[in-house]
Amino acid sequence: MFYNDAMKKLTGAALALAALSVSASPLAPFGTEPPVPAFSVSYMDRSVSPAVDFYSFANGQWVKDNPVPADKARWGGFTQLAERNSFLIHALLEEAAASDNPIGTPRREAGDFYASAMNTNLLEELRFKPIAGELKRIEGIQSTDDLFRLLAQFHEEGVGGMFSAGVGPDAKKSTIYALGLDQGGLSLPDRDYYLKDSFASQRQAYREHVAKMFALLGEKPEEAAAHAGLVIDIETELAKASRTRVELRDPNKNYNKFTKAELLEKTPDITWQIYLSERALAGVPYAIVGQPEFFESLDKLVRSHPISDWKVYLRWHVLHASAPFLCRDADVENFNFFGKVLSGQLEQEPRWKRVSRVIDGSIGEAVGQLYVEKYFPPEAKTRMTDLVENLKTVFRDHLEKVDWMTDATRAKALAKFARFTKKIGCPDKFRDYSTVKITRDDYLGNVRRAAAFEEHREIARVGQEVDRTEWGMTPPTVNAYFNPLQNEIVFPAGILQPPFFDATKDDAVNYGAIGVVIGHEITHGYDDEGRKFDAEGNLNEWWTEADSKEFDARAQKVVDEYSAFEALPDVHVNGKLTLGENLADLGGISIAYDALERDLERDPSKRKNIDGFTPEQRFFLSFAQVWRTNIREAEAKRLVTVDPHSPGRFRAVGPLVNYQQFFDAFNIKPGDPMWRAPELRAHIW
């Protein structure tokens, strides 16, 4: 994945940041259309030498002129484009909500959903009534069987708790859908927030937040405080049993096939028969258990905690998952912790922006269909297809010539690449949401029913053949991804705009931006995780032992490089957590630069200076400008803990200092601050 905020399912903690405050009117003002965030030499600070600080040279003036807006935790090229897309989607939703569209059409679905979210007067009248039924069901729990029966229902509706369950291709039989069971049940961003001293202040603020939320439900202060402590105690125990994010990056260690009988035997106090039956999975033959030790610990927790404790825990998770869709008090308190405390955000975004994001996360292909019809011309897909083919040709040549790989592994690598596919813009067929009940007077219900629709759709496919036409991102998403289980790269329409893809700019700028994105996603098939999947998308060791050792030695140089970067004083980038993305950036630069040079050789007339810079210089400037970023301290601390991507400043320069062509382009020599000694550089693809 190129950027870290896509592919989140907007439930639980993710919704805490994505959703909603209160607007006084049912329809929101449009405001001023955000500018196109295109590449510009005006962003540069030419008082800084590129040999001293290339990031500031490329972005210094932009950084000075663009402080983080009050309603954001960070601000950069990605967020500028996402802001513009949000504005465009808002116009579509406003139009749909104001029109009398036929029932069952994307316009009607999106418009009714939007209208329900913007009816804040009704939400104020309802207060906590939308979750009264769920809270009553929790109070009715009398046994462990009841607990897991209700947990199954909550999971179906997008309410988290205890663990996570989902459906996806079986990593060792990637043509078939399988049930996956993984660690979960936490509300804070990561296990480290519960366990490390450096997050003590956030834990205390979280304790106070949970107590305030319980108090809003009507609990007395002493009771609310006690219940908050109980929730944190249970979540801390779950955190202790959870693997680190680095450990979660190993696909082999996180693939553990359990038959249903083995599940029942190893975790007898988790009543799997009840849970699976409630989710229409009674006949499932097996599950892929990501972290068996987590479930063994959960089994002990189920046994050691009385039902009354779990009722409090579930009450919290219902409240937490629902707060953004309820009255102002719940919504604002939710933002005060998850927005202000955890990310440093000063103000909430306007309601319409957050609503748009929720709808995209709930019925995204309905919104995407409207977006593509208006904003994604066919010629954009054609030009993008040509660029992908150019980059594929270069990478194939790299595979054929890389000198450290043996012929045995190379042959299999080329066979994998021959099976590689691409998706551009949007699905050929959009998802049909006509069976989802969407009304104008039930915002939370719309969210829950959309989540249940998706869960039912996925559960019904367990054991069936994988649908290779499906997308993992919605069309307006400003991102891209590689899917190792299908050996494909995917580029939603949302990213095919400036600063990434700009028909008005020269080839050097486009290769430095969208060209690197393409190369980045291609490289993911051969990074430290992607390389473990074969041509058919199966988790399978196809490398020779010698090649694996050589790859690991080269990758270690990348780990060492990025681990030396300080995101904050005494807070270093996690070189192991970010390794896959750093490798993909490194490969993306190499592939895209070679593709540019081939184009310049084919058409020498393009080899001309623009704005005083050569094509090579503009390539590197364009790449660095993609990563222009200002960020709040709390958000920087959160991301360095949870994000598999390095901070923008280091993504802008980290790959470049391994690349001699970058030094040549800007005449950077030994002794210059930007110089990296040849023996320290990583050369892989």
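All values reported here derive from a predicted model rather than from experimental measurement.
The number of heavy atoms from other shown groups lying within 6.0 Å of CG (Asp428) does not exceed 12. Within 6.0 Å of NZ on Lys260 lie more than 12 heavy atoms contributed by other residues, nucleotides or ligands. Counted within 6.0 Å of CD on Glu379, heavy atoms from surrounding residues, nucleotides or ligands total more than 12; the atom is thus considered enclosed. The 12-atom threshold is exceeded at NZ of Lys557, counting heavy atoms of other residues, nucleotides or ligands nearer than 6.0 Å.
At a threshold of 4.0 Å, the pair Asp467-Arg457 does not count as salt-bridged, since none of the basic side-chain nitrogens sits closer than that to a carboxylate oxygen. Note on Asp552 versus Arg531: salt bridge recorded, some NZ/NE/NH1/NH2 to OD/OE distance being below 4.0 Å. Using a cutoff of 4.0 Å between basic side-chain nitrogens and carboxylate oxygens, Glu545 and Lys549 are scored as salt-bridged. Using a 4.0 Å cut-off between charged side-chain N and carboxylate O, Arg410 and Asp407 make a salt bridge. A salt bridge between Lys172 and Glu536 is absent, with no side-chain N of the basic residue lying under 4.0 Å from a carboxylate O of the acidic one. With respect to Lys392 and Glu389, a salt bridge is recorded, a charged nitrogen being found less than 4.0 Å from a carboxylate O. A salt bridge links Arg249 and Glu529; the closest N-O separation between the charged side-chain nitrogens and carboxylate oxygens is under 4.0 Å.
Looking at Glu454, Glu470, Glu455 one by one, the single match for salt bridge (charged side-chain N to carboxylate O under 4.0 Å, His left out) with Arg461 turns out to be Glu470. Across Phe620, Phe78, Phe500, Phe650, a single residue satisfies ring pair (Phe, Tyr, Trp, His ring centres under 6.0 Å) together with Trp627, and that is Phe78. The only member of Val490, Asn483, Ile489 that meets side chain to side chain contact (heavy atoms under 4.5 Å, CB included) when paired with Lys423 is Val490.
Ring planes of Phe417 and Tyr526: tilted class, angle from 30 to 60°. The aromatic rings of Tyr593 and Phe619 lie perpendicular to each other, with more than 60° between the two planes, well past the 30° mark. Ring geometry, Trp543 versus Phe551: the interplanar angle exceeds 60°, so the pair is classed perpendicular (tilted spans 30 to 60°).
For Lys505 (side chain) and Ala38 (main-chain N/O), no donor-acceptor pair under 3.5 Å exists by modelled atom type. Judged by distance alone, the side chain of Thr385 and the main-chain N or O of Lys381 form a donor-acceptor pair under 3.5 Å. Judged by distance alone, with hydrogens and angles left aside, the side-chain atoms of Lys576 form no donor-acceptor pair with the main-chain N or O of Ser563 at under 3.5 Å. Listed for the Ser86 side chain is no donor-acceptor partner under 3.5 Å among the backbone atoms of Ala82. In this structure, Asp190 contributes its side chain and Val642 its backbone to no donor-acceptor pair below 3.5 Å. Checked by atom type and distance alone, the side chain of Tyr433 never pairs as donor or acceptor with a backbone atom of Glu109 at under 3.5 Å. One N or O on the side chain of Asn85 and one on the backbone of Pro476 form a donor-acceptor pair closer than 3.5 Å. Under the 3.5 Å distance criterion, the side-chain polar atoms of Arg468 are matched with a main-chain donor or acceptor of Gln486. Although no hydrogens or angles enter the test, the distance criterion places no donor-acceptor pair under 3.5 Å between the side chain of Asn540 and the main chain of Trp542. In terms of modelled atom types and a separation under 3.5 Å, the side chain of Arg554 and the main chain of His683 share a donor-acceptor contact.
Taking the ring centroids of Phe163 and His155, they lie under the 6.0 Å cut-off.
Contact between Asn658 and Ala682 at its shortest, heavy atoms only, is OD1-N, 2.7 Å. Between Leu539 and Phe533, the shortest heavy-atom contact is N-CD2, 3.7 Å. Of all heavy-atom pairs spanning Ala513 and Pro499, the tightest one is CB-O, 3.3 Å. Nearest heavy-atom pair, Arg618 versus Ala508, reported as atom, atom and distance to 0.1 Å: CB-CB, 4.1 Å.
Within the 4.5 Å cutoff, the side chain of Leu414 has heavy atoms near those of the Glu400 side chain. In this structure, Ile518 and Met384 have side chains that are in contact, with non-hydrogen atoms separated by less than 4.5 Å. Using a 4.5 Å heavy-atom threshold, the side chains of Leu281 and Leu179 count as touching. Side-chain contact between Pro475 and Pro427 is present, with at least one heavy-atom pair separated by less than 4.5 Å. Considering only heavy atoms from C-beta on, Ser356 comes within 4.5 Å of Leu93 through its side chain. At a threshold of 4.5 Å between non-hydrogen side-chain atoms, the residues Arg396 and Leu399 do not count as touching. The shortest side-chain heavy-atom distance between Leu88 and Leu92 does not fall under the 4.5 Å cut-off. Residues Lys253 and Glu247 are not in side-chain contact: their nearest non-hydrogen atoms beyond the backbone lie 4.5 Å or more apart.
The distance from atom CZ of Phe376 to atom SG of Cys426, rounded to the nearest 0.5 Å, is 6.5 Å. The CG atom of Asp585 sits 6.0 Å away from atom OH of Tyr562, with the distance rounded to the nearest 0.5 Å. Interatomic distance, CD1 of Ile363 versus CG of Asp432, reported as 11.5 Å (0.5 Å rounding).
Judged by distance alone, the side chains of Tyr511 and Asp599 do bring a donor and an acceptor atom under 3.5 Å apart. Donor-acceptor pairing under 3.5 Å is recorded for the side chains of Ser646 and Asn582. There is no side-chain donor-acceptor pair under 3.5 Å between His524 and Tyr481.
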Practice prompt. I would like to know whether Asp506 and Lys606 meet side-chain contact (heavy atoms from CB on, under 4.5 Å); could you show each step before the answer?
Written response: CA-CA 8 Å; Asp506 50 298; Lys606 295 180 179 180; over 6 Å; no
Worksheet entry | Stepwise side-chain contact (heavy atoms from CB on, under 4.5 Å) test for Tyr286 and Asp170 | CA-CA 11 Å; Tyr286 68 92; Asp170 184 328; 2.6 Å; yes
Item to complete: Just do the side chain to side chain donor-acceptor pair (under 3.5 Å) check on Asn574 and Arg245 with the steps written out, would you?
Response: CA-CA 10 Å; Asn574 188 331; Arg245 289 185 181 252; over 6 Å; no
Item to complete: Check step by step if side-chain contact (heavy atoms from CB on, under 4.5 Å) holds for Met405 and Glu550.
Response: CA-CA 8 Å; Met405 181 178 278; Glu550 182 65 29; over 6 Å; no
Worksheet entry | Trace of the side chain to side chain donor-acceptor pair (under 3.5 Å) decision for Gln497 with Arg84 | CA-CA 10 Å; Gln497 305 174 73; Arg84 179 173 172 79; 4.6 Å; no
Discussion item. Walk me through whether Phe39 and Ser622 qualify under side-chain contact (heavy atoms from CB on, under 4.5 Å).
Written reply: CA-CA 6 Å; Phe39 168 87; Ser622 177; 4.0 Å; yes
